[in-house]
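One structure is given here, and the rest of the page talks about it.
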Amino acid sequence: MLVLGIESTCDETACALVKDGKEIIANFVSSQIDLHNEFGGVVPELACRRHVEVIIPLLEEMFASVNLSIQDVDLIAASYGPGLIGALLIGLNCAKTLSLALNKPFVGVNHVEAHLYAAMMAHQDEIQFPCLGAVLSGGHTALVTIHEIGKYELIGQTVDDAIGEAFDKTAKILGLPYPGGPAIEKLAKEGDFSKYPFKCGVVKNQPLDFSFSGIKTGVLYAVKGQNTKEEKALSSQDKADIAASFQHVALNDIVQKIQKACDLKRFDTVIFGGGVTNNNYLKELILKKCPTLKTIWPTGQLSLDNAAMIAGLGYHVYQKNGSDSLALHAQTSIPF
Ligand code: KG4
Ligand code: ZN
């Protein structure tokens, strides 16, 4: 079954063709980083306008590159949330329109679920369920029990900022470009992580929940001083030390909670998803602190927002539940 996937939850317009949930025929992403860079974060109105401009030419370019026609597609899948409402509407309505015009079935896909599926998609060996899923992206931070594809149970989540958002905001405070994650990781290599004793928040009675808003304020005070009238002059070494300390503390918090969740639930496998999984310091920490854990990471283009994961998971959604109604709404948040 050839599935067309469409993704437009945030600042990437993407389309992909995937066969039977696994085999990627084409995976096209048009990033909007250039558009949002000067604002230090995503501007929703600009994001939707760019999606409108890009989506049809991107589809045309993809079909031409693989010498296939849209008539060859058996199913159309699109992210229906969570994400920015205006951005979501573009990809979702494009998918619904194609479904209606071509008389092909349509399914809506949960973008966060798809981030977890991205790692499973490229994994060759059989996965032993139940296992832990860790979504570490710009918009989401969650730990879930994965019982099977499509059956999840939320066991921990952020109560404020997502981990990627914390990287992006820290980068902005340090005057680094957007997206902040890669910039912080690079700068942190020059720094000493023991210089700034930042702390992540503790969520009362929820040992697997995260809170990153406090650490962001900690970084702000380290950069500007608690009294903004006496702004500190920071050397480039100070900035590198702040980046290294932030990264060390925030990622250690995540690794500790992954370890705790696996101990509590007796899981021996973790499936990772989302853009923050590109961070090599995170991979080193996992290897060092949880050496016996089996880890499944998204590879290459599958870690950041992409439509291959949407087409791939769309195949399973359709196998399980059949097609969705075209009345399916875009949703800014979808509970697990
Ligand atoms: O999964 P994703 O493409 O988008 C969402 O669904 O949110 O993730 C983007 C996030 C951004 O916040 C970006 O700063 C972060 O992933 N990111 C990283 C790294 N590469 C991307 N964070 C830390 N280290 C990285 N190397
Ligand atoms: Zn995403």
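Everything numeric here is computed off the predicted structure, so don't read it as measured data. For ligands, and for the atoms within them, numbers begin at 1 and follow the listed sequence.
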Handout entry: Within-cut-off N or O pair, Glu12 and ligand 1, under 3.5 Å
Key = no

Problem - Within-cut-off N or O pair, Pro179 and ligand 1, under 3.5 Å - result: no

If you have a sec, work out which protein heavy atom is nearest [atom] and how many Å separate them, to one decimal?
atom                    : answer
atom 17 (N) of ligand 1 : Gly275 O, 3.5 Å
atom 26 (N) of ligand 1 : Glu185 OE1, 2.8 Å
atom 24 (N) of ligand 1 : Asn279 ND2, 3.0 Å
atom 15 (C) of ligand 1 : Val276 CG2, 3.9 Å
atom 14 (O) of ligand 1 : Asp168 OD1, 2.7 Å
atom 4 (O) of ligand 1  : Asp305 OD1, 3.3 Å
atom 10 (C) of ligand 1 : Gly138 N, 3.5 Å

Exercise for the section: Answer yes or no as to whether an N/O/S atom of His111 is found below 2.8 Å from the Zn ion (ligand 2). Expected result: yes

Look at the side chain of [X] and the backbone N and O of [Y], then say whether any donor-acceptor pair between them is shorter than 3.5 Å.
X      : Y      : value
Thr158 : Thr141 : no
Glu165 : Gly139 : no
Thr97  : Asn93  : yes

Heavy-atom contacts with [X] under 4.0 Å: which atoms of ligand 1 show up? List them by number with element.
X      : answer
Gly180 : 14 (O)
Gly164 : 12 (O)
Ser137 : 1 (O), 5 (C), 6 (O), 7 (O)
Leu304 : 3 (O)
Gly274 : 1 (O)

Practice task
Tell me, please: is His115 in heavy-atom contact with ligand 1, that is, under 4.0 Å?
Solution key: yes

Problem - His140 to ligand 1, any heavy atom closer than 4.0 Å - result: no

Practice task
Calculate, to the nearest 0.5 Å, the distance between atoms CG and CG belonging to Leu68 and Leu2 respectively.
Solution key: 6.5 Å

Is it the case that over 12 heavy atoms from other parts of the model lie below 6.0 angstrom from the [atom1] atom of [X]?
X      : atom1 : answer
His329 : NE2   : no
Lys104 : NZ    : yes
Lys320 : NZ    : yes

Practice task
Just go through Ser79, Ser303, Ser31, Gly181 and tell me whose heavy atom is the nearest to atom 22 (N) of ligand 1.
Solution key: Gly181

Problem - Test of ring centre spacing under 6.0 Å for Phe246 and Phe198 - result: no

Exercise for the section: Could you walk me through whether Lys169 and Asp161 pass salt bridge (Lys or Arg N to Asp or Glu O under 4.0 Å), step by step? Expected result: CA-CA 10 Å; Lys169 287 178 176 169; Asp161 292 347; 3.3 Å; yes

Exercise for the section: Could you check whether the rings of His248 and Tyr281 sit parallel, tilted or perpendicular, using 30° and 60° as the cut-offs? Expected result: tilted

Practice task
Take the angle between the ring planes of His115 and His111 and call it parallel below 30°, perpendicular above 60°, tilted in between.
Solution key: perpendicular

Fill in the blank from the handout: Between His115 atom NE2 and Asp305 atom OD1, the angle centred on the Zn ion (ligand 2) rounds (to 10°) to 100°

Handout entry: Stepwise side-chain hydrogen bond (donor to acceptor under 3.5 Å, both in side chains) test for Tyr178 and Asp11
Key = CA-CA 12 Å; Tyr178 172 83; Asp11 60 343; 2.9 Å; yes

